[in-house]
Each structure stands twice: as structure tokens, then as C-alpha cells.
Amino acid sequence: MIEKTWFAVISDLIKARLTFLVLLTTFVGYYAGSTGPLDWARLLNTVLGTFLVASGAAALNQLIEREHDAKMRRTEDRPLPSGRMQPETVLVLGGLSGAVGLVYLALAVNLTTSLLGAVTLGSYLFIYTPLKRVTTLNTIVGAVPGALPPLMGWVAARGEMSRGGWALFAILFFWQLPHFLAIAWIYKDEYARAGFVMLPSVDPDGGRTGRQAVSHALGLLPVSLCPFLFGFAGRVYLFGALFLGLAYCWRAFQFSRFLTVPHARRLFFMSIIYLPLLLGLMVFDKIK
């Protein structure tokens, strides 16, 4: 077993890269939803509370799935399967982090943001996580908690769940499906061995997997234009969103046509390029 520093172990426990993405989308949701001068203190409180909730969710998810993670090469080195941390420790750390984060959001931001955080935490742990071993619909269900952070940011800034926040939710929802289907196709044998019911694992010819990747990429295209249509992003964003959306659709179409691991990797890489560029355009071309 490779030796890891304490920082590296904790980073693995909280799924640092995924948590960073959660914080990025929360920040953009807050920035897009803010009017007038940016309230930096409130923004920092929102990001900190969301960080605690997301970190707790990641830790508790690994606690629930530790036996399954041990059967997959891509997850066998996580803190619990590797023995670097004990379940009792993770339960305490994850539970405290999630609970403190929700209370912090309620006191330092607003109650609605905290309630959205609770829905995110609860649906991720108690609906999506067990469904991964039951039905291929888990990916669609899991896209809901994955899409809530930008809505949380919007609500933290506006104090209401208005259409702009729901547009950000929809962008994240549709973006996730091709992204995660690409990952599931690359690792379909490992997922099957670990007992996870992912669509590529039960779709040997790949027809359904390809169609879902394409349909959600196509669905993302008009949804991604809503920030312009709703008046909080300008024309630079509009043309950038169109270009990025068409590129994402093309990669999804190529994946559905050839259904190979290299094409799945290209779709995956396109997905991780698409989202930060789209969010960056939204911030750059925000209409004050």
C-alpha cells in the first residue's frame, strides 16, 4: 500500500475534486443571482457551509459503499477500503461535517439554502446511493442532488427559488448524464463486479447508453441558453453556450455511434472542459 499524507487521505475522503466542482457551481449560482454590489461575507459563508455539507456527504457515501469500493480498482485505495481510516471515525467526521454545515447555512445565510442542502445530503445518501445497487435509474436520480448546489448559491444571494436558479439546476442536471454515462462505460466491468447496476453494465450492445447520452446532450443545448433568455447573461455567453453545446452534442453522438472506450473518454474529457468554460462565460458576461 502506498503511503499517503494525512492531507491526501482527507482529500480522498471528501472527494476533493468533486467537492471543488460543487463549490464552483455554488459560487457561480451566487454570483449569477446577486444584484448590486457583491456581498463577499455572505458568499464566503455560503461556500463554507456548502463545503461542510458536501464533505460530509462524500465521507458518509464512502462509509456506506466501503465494501463495494473495495472491489473496484478505481476506488480500492480510498481511505476505508485501504484501511487508512476506520468506519467509526468516518461516521463521526462525516456526520459532524454535514450537520454543522446545515446549521451554519441556516444561521449565516438563510433557512431555504439550508433546507436545499438537507435535500441534497439526504437524497444523495438515502436515495441515490442505495439505488446504485438496484436500478439503472440511479444516474438520473443522482443528477438531482448533483444539480442542487448552483440553486443553493442562487437562493443564498436572492432569498428565493426563482427561474434563474432553476435554469442553473437544469444545466447541471442535463450536463451530468453524458458525463457519468461516459465514466460508467469506461468502468462498466468494474461496476458490475462491485454490484453496482449501471446502465452500461446491463446494456451490452450500448444502444440505450448511447441514446441517453445523446438525448441529454441535446436537452442541455436549449437549457444552456436560459441565462441569456432570462436576462442575466449577455450575447458573448449566448454564442459561447451554443458553440460548447454543439461540441458536447457532437462528442455524445460520436460516442453513441462507435461505443468504444476511447470515444467514451473523449466524451468525458469534453464534459469536464464544457462545464467550467460555460460557467466562466456566465461569470464573464453577467448582466449586472
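It should be emphasised that the depicted structure is a prediction, and the values quoted were computed from it without experimental measurement. We count residues from 1, following the sequence as given.
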same_hphob_cluster(V261, L181) at 4.5 Å side-chain heavy-atom cutoff
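Unlinked, V261 and L181 end up in two clusters.
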State yes or no: do L242 and Y274 share one hydrophobic cluster built from I, L, V, M, F, W and Y residues joined by side-chain heavy-atom distances below 4.5 Å, directly or via other members?
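In one cluster: yes.
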Any I183 side-chain heavy atom under 4.5 Å of I186 side chain:
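Not in contact.
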With no hydrogens and no angle check, just 3.5 Å: does a side-chain donor-acceptor pair link [X] and [Y]?
X    : Y    : answer
T135 : N138 : no
S82  : D77  : no
W175 : S224 : no
T139 : K132 : no
Y191 : R74  : yes

What's the verdict on ring pair (Phe, Tyr, Trp, His ring centres under 6.0 Å) for W185 and F180, showing C-alpha distance, side-chain angles and the deciding distance?
CA-CA 8 Å; W185 186 265; F180 285 116; over 10 Å; no
Does [X] reach the main-chain N or O of [Y] with its side chain, forming a donor-acceptor pair under 3.5 Å?
X    : Y    : value
T19  : A16  : no
Q176 : L172 : yes
D69  : E76  : no
T129 : Y124 : yes
H263 : L259 : no
T113 : L105 : no

F228 and Y237: ring pair (Phe, Tyr, Trp, His ring centres under 6.0 Å), yes or no, with the steps?
CA-CA 7 Å; F228 171 78; Y237 171 84; 8.1 Å; no
Here's a test for you: under ring-ring contact (aromatic ring centres under 6.0 Å, His included), which of F232, F230, Y30 qualifies with W154?
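The residue from F232, F230, Y30 that satisfies ring-ring contact (aromatic ring centres under 6.0 Å, His included) with W154 turns out to be F232.
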Does NZ or CZ of R266 lie under 6.0 Å from the centre of the six-membered ring of F255, at an angle within 45° of the ring axis?
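Negative - R266 is either too far from the ring of F255 or too far off its axis.
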Could you grab the distance from atom OG of S55 to atom CG of L13, nearest 0.5 Å is fine?
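Reported to 0.5 Å precision, the distance equals 8.5 Å.
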Would R78 and D12 count as a salt bridge (charged side-chain N to carboxylate O under 4.0 Å, His left out) here? Give the steps.
CA-CA 6 Å; R78 284 177 173 174; D12 288 343; over 6 Å; no
In terms of the angle between their ring planes, are Y31 and F27 parallel, tilted or perpendicular, with boundaries placed at 30° and 60°?
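Answer is parallel, since the angle falls under 30°.
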